[in-house]
2 protein chains.
Amino acid sequence: MTVQDIRAFNRFYTNVIGALDYSRQLYAPYTLTESRVLYELAHSPRTDAADLRGELSLDAGYLSRILNKFEQDGLIERAPSRQDPRRRRVTLTARGRETAALLAERANESVGALLSTVPAADRPRLAEAMRTVRTILADGHRPRPEDVVLREPGPGDLGWIVQRNAALYAAEYGWNADYEGLVARIVADFAEDHDPHLERVWIAELDGRPVGCVMCVRDEAPATARLRLLLVEPDTRGLGIGDRLVRAVVDFARGVGYRDLVLWTNDVLASARRIYQRHGFVLVAEKPHRSFGKDLNGQDWRLDLSGTGE
Amino acid sequence: MTVQDIRAFNRFYTNVIGALDYSRQLYAPYTLTESRVLYELAHSPRTDAADLRGELSLDAGYLSRILNKFEQDGLIERAPSRQDPRRRRVTLTARGRETAALLAERANESVGALLSTVPAADRPRLAEAMRTVRTILADGHRPRPEDVVLREPGPGDLGWIVQRNAALYAAEYGWNADYEGLVARIVADFAEDHDPHLERVWIAELDGRPVGCVMCVRDEAPATARLRLLLVEPDTRGLGIGDRLVRAVVDFARGVGYRDLVLWTNDVLASARRIYQRHGFVLVAEKPHRSFGKDLNGQDWRLDLSGTGE
DNA sequence: GCGATATCTCTGACTGAGTCAACCATCGGA
DNA sequence: TCCGATGGTTGACTCAGTCAGAGATATCGC
């Protein structure tokens, strides 16, 4: 992603916005700025002038005059604020609310006209893309751990697991299509036949997008569960998602009565290993093997669930 | 997707752009409009004034004055156009190019500052989302059949097949997770073991995004190939993608020496049926069954490849 | 070839959105 | 109680952008 991409988008979107309010008929008899003020008032009906100034970053004198005009037109009333007599509390009148609604309606129609030109099939993608741009660009956009939710898989989520496992390990470690086959096999086995009380998949979701997964299935050994397919999207690492997924499996396995929880991984997956260690897994075996087009070191880990717990 | 979503995005992005060119220091000693003209000139160095007017939708008088200023500052030269003496051909001078580069550099820095606040991991998603918004909103956005390419699957594409099959048939026909399991099984079988000379998967790609797929595998019957997992994204239907995928399979199957091509589908999938019929498949058997949580009518279709062909 | 009409450019005259500076009132902290 | 900071108002100003008219030339119908 380059600066040029963003500039190109800015130019493009400036035109989109420009096309939307062509000739200002939209705001008559007010200006764009005035209608922005009105919009702000309509959405927080009791605000001080200083708040408006900050929110819309307007010149104080300019805003003062705009409010004069609104007061003359009977759209607002001004009174000194209780807490601080220097400040002026602005409240919309009934007429002001009507006018705001009128302007909003006109803007809606204009945007609706634009929207009607995009095929209905494209709209969800458009909405999704706009949301993505907003959340990424919104300042202070650091997704917080509490924005991540764990849930059961829905339609397509098992396919997502296959897709992301294959794409990520191909990109990060160069694994070949055999790995995609293995994951597809694991997922197919799970989908075709699993005991919902003893086997489960979790999807970690952030802003409506899946960003992680893990699976817990019965192992051949008695009273033993196997953790599989732990994955966290690279751009959401550091939020403790892996920890939460593993904890979900551990809690679930312990809760339904397994005595042991095992997993198989490879030594190149360092960050996953640290997660396992944090949850008390211990390395019980290690064996080199050739898979997925690479020479790897397979590791078996085990966690004793019958212990006193951490 | 509602009109409100778009308006919210517009408000948001207006602020982004506003924050970018705060206080006009960016364009000094020129204005935003002037620098837009300069930008346009720098990117198509020999244009007529009328072109500029159209491109930037400026008032003719306003543009004339801007060009006057540029000429005085030695940024451009004006001469009557050859073909039409009414028009004025505008060419940038060396000094004009310098100035344009300077302004571009300043804008780049400003955008770069914005970009530096987004974590590197988010940038690909941001670029992708911006591209999506642009292509969808760009007027005349009707993807053309020649924009679609068929290719071999890459890492993650088999997972994509599972994901989209499951999500689409769940949304359109209410099929349950059994179907996702079946698709995962088919894909896993293919991934784990297939003869690349006799079995193959195609992905249809549009604008870098997968929008369709189909698989051709060996059947139990001798010299018989089986077409599976034909899928086209709903928002790209009508571009002949399904036809191209099926044709790819038919040509491939005939080319490597299969004598028969069979497929199994369900009667609810009407549009797929029409594609099969167009390619000469004939219905050979029909049987009700209960699968994927629904009562369905399974159909076996067959195409004789040894015939004279169409 | 001729007139009617449209297009391109330019200039003069204007509007009005937004800025700047000065001023008064009040708050909050030393 | 003083002093710097903040909130609000008004006057004066700038300058981006619009509108109308005029001169030059192209294009179209005849």
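Fair warning: this is a prediction, and the values are worked out from it, not measured in the lab. Protein chains get the first letters and strands the later ones, always in sequence-line order, with residue 1 at the start of each.
Of the two residues near DNA chain C, A:E34 and B:A50, the one whose nearest nucleotide lies more 5' is B:A50. Comparing A:G61 and B:R88, the nucleotide of DNA chain C nearest to each residue sits closer to the 5' end for B:R88.
Between A:E109 and B:R7 there is no salt bridge, since none of the side-chain N atoms of the basic residue sits less than 4.0 Å from a carboxylate O of the acidic one. The residues B:R151 and B:D157 are annotated as salt-bridged, a charged nitrogen and a carboxylate oxygen being separated by less than 4.0 angstrom.
Note on A:R78: only backbone sugar-phosphate atoms sit closer than 4.0 angstrom, heavy atoms only; bases stay farther off. A:A49 comes within 4.0 angstrom of the backbone, heavy atoms only, and of no base.
The stretch residues 53-66 of chain B participates, sequence neighbours left out, in no salt bridge (charged side-chain N to carboxylate O under 4.0 Å, His left out) pair at all.
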Give each protein N/O atom lying under 3.5 Å from an N/O atom of nucleotides 23-30 of chain C, with the pair distance.
| unit_1 | atom_1 | unit_2 | atom_2 | d |
| --- | --- | --- | --- | --- |
| C:dT26 | O2 | A:R86 | NH1 | 3.2 |

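OP1 or OP2 of D:dT10 lies within a sub-4.0 Å distance of a side-chain N or O belonging to A:N68.
Put simply, CZ on B:R53 is 9 Å from C1' on C:dT9, counting in whole angstrom units. As a whole-Å value, the separation of A:R89 CZ from D:dG8 C1' is 16 Å. B:Y62 places its OH atom 17 Å from the C1' atom of C:dG12, with the value rounded to the nearest Å. D:dA26 atom C1' lies 14 Å from atom CG of B:D48, rounded to whole Å. The separation between A:D59 atom CG and C:dC20 atom C1' is 8 Å, rounded to whole Å. Between A:Q72 atom CD and D:dT10 atom P the separation is 10 Å, expressed in whole Å. Here D:dT14 presents its C1' atom at 12 Å from NZ of B:K69, a figure rounded to the nearest Å. Atom C1' of nucleotide D:dC19 and atom CG of B:L58 are separated by 15 Å, given to the nearest angstrom.
Ring geometry for B:F9 against B:Y13 counts as parallel: the plane angle stays under 30°, on a 0 to 90° scale with 60° as the upper cut.
In this structure, NE2 in B:H279 is found 4.5 Å from CG in B:D243, a value given to the nearest 0.5 Å.
Picking from D:dT10, D:dT18, C:dC8 the nucleotide with the shortest atom distance to the side chain of A:S64 gives D:dT10.
The salt bridge (charged side-chain N to carboxylate O under 4.0 Å, His left out) check on A:E71 picks up A:R78, with sequence neighbours excluded.
A:T93 places a side-chain N or O within 3.5 Å of a backbone atom of A:L75 that can act as its donor or acceptor partner.
Residue B:R65 places a side-chain atom within donor-acceptor reach of the base of D:dT18, judged by atom type and a 3.5 Å distance cut-off alone.
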